[in-house]
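Worksheet: the structure to be examined is printed underneath.
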Amino acid sequence: MSARTVRASAPGKINVSMHVGPLRADGYHGVATVYQAVSLIEELTATEADEISVSFSGPIDTSHIPLGDSNLAVRAARAVAAEAGITAGARLEIVKNVPIAGGMGGGSADAAAALVAVDALWETNLGSTTLYRLAAELGADVPFALHGGTAIGLGRGDILTPVLSQGHFEWVLVSSDDGLSTPEVFRRLDQLRDEDPALADAVDEQPQVEAEVLHALRNGDALALAHHIHSDLQEPALSLMPALADALAFGESNGALAGIVSGSGPTLAFLAEDDSAALALVEAFRQTNRNAIRALAPVRGATVH
Ligand code: C5P
């Protein structure tokens, strides 16, 4: 008899709006963010095995991803087994399409796909409330990778409220060869605020999402959304990787409605008016030897196929 297999997928994300409050006692920052799940999808196959293990393949160089106990997909599978009180194994094979350390939640998507895949493989049927709790314990962005679509994230980004969104938005994503560390970008933000009293004064103790962003999403209005996309993490990411500023300017002078650093970067997300503008922008970036890819949003969250 051949070993049982379950296939699952989960999307990468961009943050179309990211307001960051002060550093909290637990080492996290309170945020008010709007996530959109994009059509860069992690595909995972879970096969019954004696142990829990993970391997990666796909169009991205995955040779530097740790495969041991620190791997987020491995931790997700262990969390399901512990929660269900079972000893079970699974071989997790992930086809990686989301840039690594790019600010697009690729590791979180791996974890979300692993949660739903092993829950189905082992027939543990934990239910969505428990899966969301395990997701939040794994990382701030993991619940959104389960959820997908468009959602507001409060708290650490893990307290989700769905957002109505009409039609689809056209994005062009430009990745960098080097990654940025999320904690380092948050630390740099704190440092910039410490150095500049004007920045420190502007910090909102309880950050909020602007109504204009929600209106633009609800109306499927890319032009209006372009006026209001914003990330407090953009300045620290640019200060750690100054070359990003040129790429942002290049995109905006080659037809993008607006560009933003995605999450903590360094991936850049450019909003395009329509598919032909998106394709032209991809072509313009490729001519400068940059890795640009078109993505649609929103798409659904973690799914068992
Ligand atoms: O939860 P996750 O592992 O993705 O977070 C990585 C790090 O990013 C945290 O340890 C923290 O330093 C920083 N972070 C933060 N505030 C958030 C999310 C992440 O300071 N809301």
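Numbering of ligands and ligand atoms starts at 1, following listing order. Just so it is clear, the model here is predicted, and its values are computed rather than measured.
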Sequence neighbours left out, what passes ring-ring contact (aromatic ring centres under 6.0 Å, His included) with F186? Give chain and number order.
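Result, ring-ring contact (aromatic ring centres under 6.0 Å, His included) vs F186: H29.
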Contact atoms of ligand 1, heavy-atom distance to [X] under 4.0 Å:
X    : value
T182 : 8 (O)
V31  : 21 (N)
A140 : 1 (O), 2 (P), 4 (O)
G27  : 11 (C), 12 (O), 20 (O)
G139 : 1 (O)

> Near D177 CG, under 6.0 Å, is it more than 12 heavy atoms from other residues, nucleotides or ligands?
Replying inline: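 Not buried by this count: 12 neighbours or fewer within 6.0 Å.
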Logged contact type for Y28 with ligand 1, heavy-atom cut-off 4.0 Å, is both
Notebook entry, point to check: Quick one: are V304 and R7 in side-chain contact, heavy atoms under 4.5 Å?
Noted result: no
* Which residue and non-hydrogen atom of the protein lie closest to atom 13 (C) of ligand 1, and at what distance in Å? ->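 Here the closest protein heavy atom is F186 CD1, 3.6 Å.
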- [ ] Please state whether D141 comes within less than 4.0 angstrom of ligand 1, counting heavy atoms only.
- [x] no
(message) Less than 6.0 angstrom from the centroid, inside 45 degrees of the normal: does R290 satisfy that with respect to the ring of F285?
(response) no
Problem - Side chain S262, main chain G103, donor-acceptor under 3.5 Å - result: yes
